Every structure is written in structure tokens, then in C-alpha cells.
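Numbers here are sequence positions counted from 1. Quick caveat: nothing in here was measured; it's all calculated off a predicted structure.
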Amino acid sequence: MCGITGWVAFTADLTTQRPLVEAMTATMADRGPDESGVWLDRHVALGHRRLAVIDLPGGRQPMRADTPAGSVVLVYSGEVYNFTELRTQLTGLGHTFRTGSDTEVVLRGYLEWGEQLAERLNGMYAFAIWDGRERKLVLVRDRMGVKPLYLHRTPDGVLFGSEPKAVLANPRFPRRVDTGCLRELVGFTKTPGWALWRDLHEVEPGTVVTVDASGVRERVYWRLETIEHKDDPQTTIARVGELLTDVVARQVVADVPRCVLLSGGLDSSAVTALAAAELVATGEKLRSFAVDFAGYEENFRPDELRETPDSPFVREVSAHVGTEHQNVVLDSRALMDPALRRAVVAARDMPIGLGDIDSSMLLLFQAIRRESTVALSGEFADELFGGYAWFHHPAARDADTFPWLAFQNTYTADRGTPLRPELRAALDIGGYVADEYATAVAKVEHLDGEDAFARRMRTSSHLHITRLVRAMLDRKDRMSMAVGLEVRVPFADHRLVEYVYNTPWSLKNVDGREKGLLRQAVAHLLPQSVVQRVKSPYPSTQDSGYALALQEQAREVLAEADSPVFAVFDRAWLHQVATGPAEAVTGGGRTGVERALDFHHWADLYRPELDLV
């Protein structure tokens with residue numbers, strides 16, 4: 001998996017900057033706890049932290065290939081799942097390999113195909129290649145954006161890293177956040193390229209960035225295209241099953257202990273069943289893990305989002321497919337620890353404010369990492385197959401905005417309410433969201449003859465695959481890599497995404513059920529109770545003590561007269577919620593307090609220069 005960073009400066013000598021490059025690299029020690037390496041030349045410095053997964057002794061980085069015209073050096077994060085096929089092709093073309101790693105396949109592939117290597121890869125990856133033959137840097141990010149990559153343009157080159165913290169470690173990057181930077185943090189449209197910090201940008205998925213002395217250029221090598229779907233229903237169901245089987249078979253390969261994340265929902269259960277079947281042929285029993293809260297099942301209260309607890313379904317799937325299962329049971333007191341919140345903020349590099357959903361995920365991954373290095377996840381299925389409630393809620397579905405923002409229940413709230421009134425006015429979140437929606441919709445291609453409803457659902461699918469899912473993937477990556485756990489995402493395979501995206505909504509929603517297509521494709525693998533289970537989101541604690549702990553922590557922030565929190569959040573609002581009844585910290589109130597607390601930790605950790613109203 002790993003973390004990468006680097007610095008290109010065409011008017012400077014970077015061979016004197018080893019300590020600084022090592023410091024940039026060290027910020028990502030959690031992403032790569034096994035090894036560290038740097039490589040420097042006159043105008044380039046590359047850093048790498050390694051999490052060893054494939055060919056443990058042979059995959060060390062930076063990896064270099066020397067040619068008569070100059071050295072070609074790679075730092076690489078992620079996994080290429082078709083590296084065996086590519087290795088065979090390259091061997092046939094005369095390449096000789098010294099290791100069994102997919103890293104060397106990527107390096108040799110670049111030597112053979114240049115930047116067009118990107119189109120040949122199947123996987124999740126972000127990598128940088130310094131091509132000494134042409135004195136250029138080539139950055140490549142995977143099609144779906146599973147692996148992160150950030151870029152800052154300098155007057156004579158670039159700084160880059162798997163996470164913002166790697167770039168922030170270089171004093172040449174100015175730590176500025178202005179009003180424009182905050183709009184997306186509040187608006188949650190997942191604007192492509194946004195990275196919170198001014199002048200820092202996320203390299204967009206499916207993109208190759210080339211940096212040389214003449215400047216920075218981008219090439220999109222993959223985009224979500226609209227193609228007519230010609231398969232009949234039964235062929236479509238069979239094709240989805242075939243693709244999933246192949247994807248899981250590729251992604252279960254590792255030279256380290258692997259497992260699955262099992263929630264008892266349709267998506268994770270399907271991945272679990274396919275992975276278990278794949279491993280049983282080798283005589284290996286699959287391990288599965290699930291998050292749970294002490295007393296959660298016994299005291300569960302149904303609400304608008306969750307009809308049932310996960311545990312009964314988890315037990316049934318584990319018994320059905322034969323996994324060695326372990327529940328990671330969390331005590332609510334652990335979720336209330338401010339140090340845990342701070343660790344989450346440090347992992348995400350920004351104050352997202354998802355509270356115990358992020359905190360419990362970090363604790364879950366910590367527990368898993370003690371026994372496994374690789375985990376498979378059911379992430380992306382809801383965005384791809386139409387699993388979220390707002391796909392099926394007429395008011396949200398038909399609104400001329402992002403469906404996840406239009407959907408309303410007691411858990412949703414105006415994200416701008418806790419902000420200072422003058423800042424709220426300056427941000428104009430309504431106008432920002434409307435502009436981003438118009439931009440996003442304009443990128444959707446439609447087929448001739450599609451009726452209004454088909455166009456609406458294609459647009460919704462496109463928004464989820466190119467916008468919302470990127471936020472979900474980033475969350476999963478940050479929480480897992482913060483503890484050195486590699487999480488793979490079978491539903492993000494670009495072949496599956498292309499096929500399902502172009503499947504008509506009537507087939508995705510077959511039998512009038514959300515994710516009906518997926519249900520039929522995997523029904524033979526799972527217990528009927530799971531096949532028929534209604535979508536249930538990632539669990540959240542129902543312990544009332546959690547709200548009281550939030551209020552106590554908020555009062556501590558209020559006691560700081562000069563806290564930077566109040567450059568953004570309205571002190572009167574936070575005081576009202578923090579000193580009111582515990583019921584004030586529910587729904588939007590709880591979310592607002594969690595965001596304020598996250599901002600408090602973020603400002604303390606990163607010391608940003610705030611240029612706000």
C-alpha cells in the first residue's frame with residue numbers, strides 16, 4: 001500500500017535537502033510502517049514509506065531502472081491486480097525481472113509503454129516516476145480515486161504527497177485557508193481537486209500529470225462514459241456475477257494475512273462469500289471482522305436509518321460461508337476520548353466532523369491490524385447499484401441538487417447553522433452548491449431517446465460515482481492507512497463500474513428493490529435473510545453518555561477566549577448547545593458540535609493561517 005511524497009525544483013539543487021525530504025516522508029510512517037526510503041538527484045527528491053504486501057523482500061522503494069540515457073525511478077502506492085498478466089507480456093517483450101513485486105511490473109511497464117501504461121493497469125494506485133531520460137516527473141492516479149494524491153505547484157516545480165501532511169512538512173508550502181477553501185468543507189459536493197488548503201489540489205482520478213521545466217500538464221486517461229446497454233436481464237445478472245467473482249479472486253491475492261470487513265449487509269456479505277470460496281480451494285479459512293458496541297444489540301432502538309442491528313446477520317453469514325469471525329466490541333467510553341478524536345483529525349488532515357462513525361472505524365481498523373494486513377470491503381456498492389435511501393425518495397431524487405444534500409430526516413441539518421453569521425453569508429453555500437451541481441450535471445452524457453426519468457437516474461448515478469463515492473473512499477483509505485491496514489475495494493473495479501453504470505435503472509432496481517441487480521447476482525451465495533435485508537448504514541453509538549461527553553468537551557473549548565474555533569463557529573450557538581439539555585446534542589446539533597471539536601483539534605495540529613471574513 002504505502003505512502004509517497006516528492007519535490008521537483010528545476011532551479012534548485014535538491015541533493016542538499018535530504019533531511020527535509022526525510023521529514024516529509026516520515027509524516028506518512030503510519031501508511032508504511034515496514035520500510036522508508038528516499039532518492040535524490042539534482043532537481044528531484046522522492047520519498048517512500050512501505051507497507052509490505054506483495055514480495056516482502058523484493059518490493060523495496062524507491063525502485064530504479066538505469067538506462068544509457070538516464071535513470072528512471074519509481075515511488076508507488078497501492079496494488080495493481082493484473083500485474084501477473086502484465087509481467088507475462090513484458091517478459092515476452094524482453095524485460096527481465098529481479099523481483100516478484102507488482103512495483104517492478106509498474107516500473108518496467110513504464111519503460112515499455114511510457115505514460116500510456118496507465119490505460120493498461122487494473123487496480124488502486126497512485127505513483128510518481130522520475131524519468132531522468134527526459135528530466136520529467138510523471139504522476140498517475142487510479143481511475144476511481146481509491147488511492148489519494150495531492151499536488152502543490154511551485155514557481156519552479158511541484159511538491160506532492162499521498163496526504164496533505166507530507167506537503168505541509170515542507171516550509172515552502174504556505175499553510176493558508178481562506179473563505180473559498182471552506183465552501184466545500186461545508187457544502188459537501190466533493191468538488192474535484194479540492195483539498196482544503198489554498199494552492200493544494202487533489203490529483204483527479206484517472207489522470208496523468210506530467211511536470212517538466214516547461215510547466216505542468218494533465219491528461220485524463222479514463223472517464224465515465226455512456227454506452228448503450230444491450231444485454232438482456234439474465235445476461236446482465238450473470239455478467240455482474242462473473243465480474244464480481246473475477247474481481248474478488250484478483251484482490252484476495254497477498255503475501256500477508258488477509259480478511260474481510262463483514263457488516264451483515266448485502267455488499268460486504270457478497271464480498272465475504274466470494275473471498276471465502278476463493279480461499280477454500282487453497283485450504284485457507286477466511287477471517288472476518290465486524291464492529292460492534294457494548295450492549296448495542298441488546299438495547300438496540302430502530303430509527304430512520306437502521307431497522308436492525310448488524311450482529312445477527314453477521315453471525316448468519318459467517319456460519320453460512322464458513323469464516324473465522326471476530327466482533328470488535330467497542331466501549332462507548334473509548335469513543336468519548338478526545339485523544340481519539342484528535343487521532344482521527346490527524347489521519348484525515350481536515351475537520352470533517354463525522355464523530356463516532358470515524359472514531360469507531362479507526363478503533364476497528366486498529367484491532368484488525370493486530371491480526372491482518374489486508375482487508376476487503378463492500379464500499380462503493382451503494383453508489384454503484386443505487387443503495388442509498390435518496391435514490392428512492394422522490395423529493396430527494398427529483399430535486400435539482402445533489403441527492404444526498406436534498407435528502408432530509410432528523411439526522412440531516414443545515415451545515416451552515418453553527419457558523420458565524422457573517423462567515424455564513426460570505427460562504428453563500430446555497431450558491432456554491434448550485435454552481436457545483438450545474439458543473440457536475442453538464443459532464444453527464446446521455447443516450448439518444450432516454451426519457452426524463454432515465455436521464456434523471458443516469459445523472460444521479462454519475463454524481464455518486466464521480467463525486468460522493470470519492471469522499472467515502474478517502475475516508476476508508478485514511479482511517480485504514482492511519483494504522484497500516486490496506487483495505488481493498490472490489491466494487492471499485494473499473495470494469496464493473498463501467499458495466500453497471502450503463503445498465504438501465506430498471507435493471508438495477510429490478511423487482512422494485514434497491515440494489516435489485518446485485519441481490520439477484522449474489523443471491524445463490526447468501527442466506528435469504530441477508531439477500532432481503534434493507535440497507536443499513538455503518539453503525540453509530542446509541543449511548544446517551546456520548547452526547548454528555550460532547551457537551552463537556554465543547555464547554556472546554558468555550559473556556560478558551562482566543563480559540564481559533566470561533567473564527568469559524570458561532571460562539572453563541574456552541575454555548576447554547578453545550579450548556580443545554582443533552583437532547584440538544586442530537587441530529588444536526590450533534591454534528592455541529594463534532595465539527596467544532598474537530599476544528600479545534602485541526603487548528604491546534606496544523607496551525608493554519610486563516611484568511612476569513
Under the salt bridge (Lys or Arg N to Asp or Glu O under 4.0 Å) rule, collect the residues that match up with [X], sequence neighbours excluded.
| X | answer |
| --- | --- |
| Asp212 | Arg217 |
| Arg183 | none |
| Lys476 | Glu379 |

Determine whether Thr154 and Arg172 satisfy the following criterion, side-chain contact (heavy atoms from CB on, under 4.5 Å), listing intermediate values before the conclusion. CA-CA 9 Å; Thr154 66; Arg172 287 158 182 80; 5.8 Å; no

Report the residue from Phe402, Trp404, Phe380 that forms a ring pair (Phe, Tyr, Trp, His ring centres under 6.0 Å) with His464. Trp404

Can you see whether [X] engages [Y] through a side-chain donor-acceptor pair at a distance of less than 3.5 angstrom?
| X | Y | value |
| --- | --- | --- |
| Ser480 | Glu486 | no |
| Glu436 | Thr191 | yes |
| Tyr221 | Gln116 | no |

State whether the side chain of [X] and the backbone N or O of [Y] hold a donor-acceptor pair below 3.5 Å, judged by distance alone.
| X | Y | value |
| --- | --- | --- |
| His43 | Ala9 | yes |
| Arg287 | Arg258 | no |
| Asn82 | Arg120 | yes |
| His48 | Tyr76 | yes |

Arg198 CZ: over 12 foreign heavy atoms closer than 6.0 Å: yes

Heavy-atom closest pair (Trp222 atom, Val220 atom, distance to 0.1 Å) is O-CG1, 3.2 Å

Just to verify, what does Arg571 make a side-chain contact (heavy atoms from CB on, under 4.5 Å) with, not counting sequence neighbours? Leu558, Phe566

What residues, two or more places apart in sequence or in another chain, satisfy side-chain contact (heavy atoms from CB on, under 4.5 Å) together with Asp435? none

Is a salt bridge present between [X] and [Y], judged by a nitrogen-to-oxygen distance below 4.0 Å?
| X | Y | answer |
| --- | --- | --- |
| Arg153 | Asp199 | no |
| Asp477 | Arg31 | yes |
| Asp474 | Lys190 | no |
| Arg64 | Asp66 | yes |

Could you pull out every donor-acceptor pair under 3.5 Å between side chains of residues 32-41 and any protein atom, sequence neighbours left out?
from, atom 1, to, atom 2, distance (Å)
Asp34, OD2, Ala52, N, 2.7
Glu35, OE1, Arg50, NH1, 3.1
Glu35, OE2, Arg60, NE, 2.5

Can you tell if the side chain of Leu354 reaches within under 4.5 Å of the side chain of Arg348, non-hydrogen atoms only? yes

Test side-chain contact (heavy atoms from CB on, under 4.5 Å) on Leu485 and Phe365 and set out the steps. CA-CA 7 Å; Leu485 175 69; Phe365 289 159; 3.6 Å; yes

Hey, which of Arg475, Lys165, Arg175 is the one that makes salt bridge (Lys or Arg N to Asp or Glu O under 4.0 Å) with Asp349? Lys165

Taking it one step at a time, do Glu204 and Arg223 satisfy salt bridge (charged side-chain N to carboxylate O under 4.0 Å, His left out)? CA-CA 11 Å; Glu204 293 191 36; Arg223 59 170 49 89; over 6 Å; no

